[in-house]
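Scroll down for the structure; my scribbles are underneath it.
Counting starts at 1 for both ligands and their atoms, in listed order. Only a predicted model underlies this, so the values are computations on that prediction, with no experimental measurement involved.
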Amino acid sequence: MSRPIKRHAEIAGAGFSGIASAIALTQRGWSVRVHEASPQLRAFGAGIFIWDNGLHVLDALGAYREVLDGAFAAPAYETRTNGECTSFQAINGPGKQRLLTMTRQHLHHAMLSAAKRLDIEFVTSSEAIGASPEGELWLVDGTRLKADLVIGADGVKSKVRDSLDIPMQRERYHDGLTRVLTPRSILKGGEWDHVIDFWNIRPERTLRILYTPSGEDTLYMAMMAGLNDTEATAIPVNPEVWAEAFPRLRPVLEAIGDNGRYDVYEKTVLERWSSGRVAIVGDSAHAMPPTLAQGAGCAITNALGLAVAIEETDSLEEALQLWERRERPLTDHTQSRASELAASRDLAAGMDWNDIGLKAARHVPTGTSPEFSC
Ligand code: FAD
Ligand code: 3HM
């Protein structure tokens, strides 16, 4: 559809969903500006899993090649509970499920590079405090920016979302994770190249370490402990507490030092994903427990899906409805399954490689091609 006037979007948040929205709209002829509250453009956190669906989106956004270069493709995904293997799945080989692991910085950097190739404007130390359905983004310094579309991609604590009158449910769970990065030089090769979900279940305490090589030299560990377990949720991590449950991981546990942060699992569900000219994208719309490792995958899928819906329709209102109708069922499914897993600890019995858990991973997202460009 050809349009005489270039349309403009103001985007709050330069996380994965804000950058993906910016690229997808720019690719479709829009001008965009991205506001990031932090003084620098960087990702918080440790490692991240990106399944096939997210990889397809990264390909469509022009970031896939750079993501591949520096990400890790583990040959297997295992679960070991109290020393017994409860599931073993070969991955990343011919005909196998694809799942890349990497540091968050790596993914963020690759997406930013793709955005910078398109000359997308980023403004740092620019905090959004709200938006109006008529299409204004409000900044903390009092500026009000008019746009054809405002995107709230400002994460789980979204101020853009909270300024709108959208009913929301929020849930927190009894578990959370400390996420850390350590060097891989200590444990490397053979089984130590697998993703291994280690569980230690005892009547008095359940601990879990999702051991994840995330690059040639970097190991990501997501260390799960109950919210009320003050010893195991303490930062800095006490290696003794964890090495008692997972003695083979002692060398990497002792290398953690001060790094790490504990976050409780949480979920937010909005009654609708938009209000007037404002779309809510990513964690601000649908934060989910990380148990299926699909939060960012769904976030960037929906960012791309939004731009495609806009390109396909005549009015923005129609586009936002089409977008939510098309993308939301899969996000809702993934979020509810992730929540069931977070509430149950069923993953200790092994990840189920079925369509219920992997529905999003196996979905070819709107605006992507089933084949990769490289
Ligand atoms: P965010 O990543 O939160 O980015 C929001 C951005 O907005 C930030 O840069 C922030 O600084 C900025 N911002 C915040 N407020 C403002 C404001 N007022 N104005 C301007 N800017 C603002 N997903 C996966 O796909 N795979 C995984 O393996 C995975 N593991 C996870 C593990 C854990 C423990 C957790 C908690 C989540 C995990 N996720 C995973 C989910 C994933 O991290 C999120 O879904 C993803 O980061 C959402 O991206 P986002 O851009 O919507 O939000
Ligand atoms: C990547 C990832 N996968 C699963 C979990 C979980 O079950 O808590 C956490 C993760 O970081």
Geometric cation-pi criterion, Arg248 with Tyr211: 6.0 Å, 45°
no

Which residue and heavy atom of the protein sit nearest atom 38 (C) of ligand 1, plus the separation:
Arg104 NH2, 3.3 Å

Numbered atoms of ligand 2 (with element) below 4.0 Å of Tyr265, judged on heavy atoms
6 (C), 7 (O), 8 (O)

Identify the closest protein heavy atom to atom 7 (O) of ligand 2: which residue and atom is it, and at what distance?
Arg208 NH1, 2.8 Å

Using the ring of each side chain (for Trp, its six-membered ring), is Phe372 parallel, tilted or perpendicular to Tyr64, with breaks at 30° and 60°?
parallel

Under a plain distance cut-off of 3.5 Å, with no hydrogens placed, do Ser339 and Tyr173 share a side-chain donor-acceptor pair?
yes

Taking only heavy atoms of Phe16, which atoms of ligand 1 are found under 4.0 Å from at least one of them?
47 (O), 51 (O)

Is Leu210 close to ligand 2, meaning an N/O of one under 3.5 Å from an N/O of the other?
no

Is Lys146 atom NZ crowded by more than 12 heavy atoms from other residues, nucleotides or ligands, each under 6.0 Å away?
yes

Ile48, portion touching ligand 2 at heavy-atom distance under 4.0 Å:
neither

Residue and atom name of the nearest protein heavy atom (relative to atom 4 (C) of ligand 2), distance in Å to one decimal
Pro290 O, 3.0 Å

For atom 9 (C) of ligand 2, which protein heavy atom lies nearest, and how many Å away is it?
Leu177 CD1, 3.5 Å

Considering only NZ, NE, NH1 and NH2 on the basic side and carboxylate oxygens on the acidic side, decide whether Arg205 and Glu244 come within less than 4.0 Å.
no

In ligand 1, which numbered atoms sit nearer than 4.0 Å to a non-hydrogen atom of Gln294?
24 (C), 25 (O)

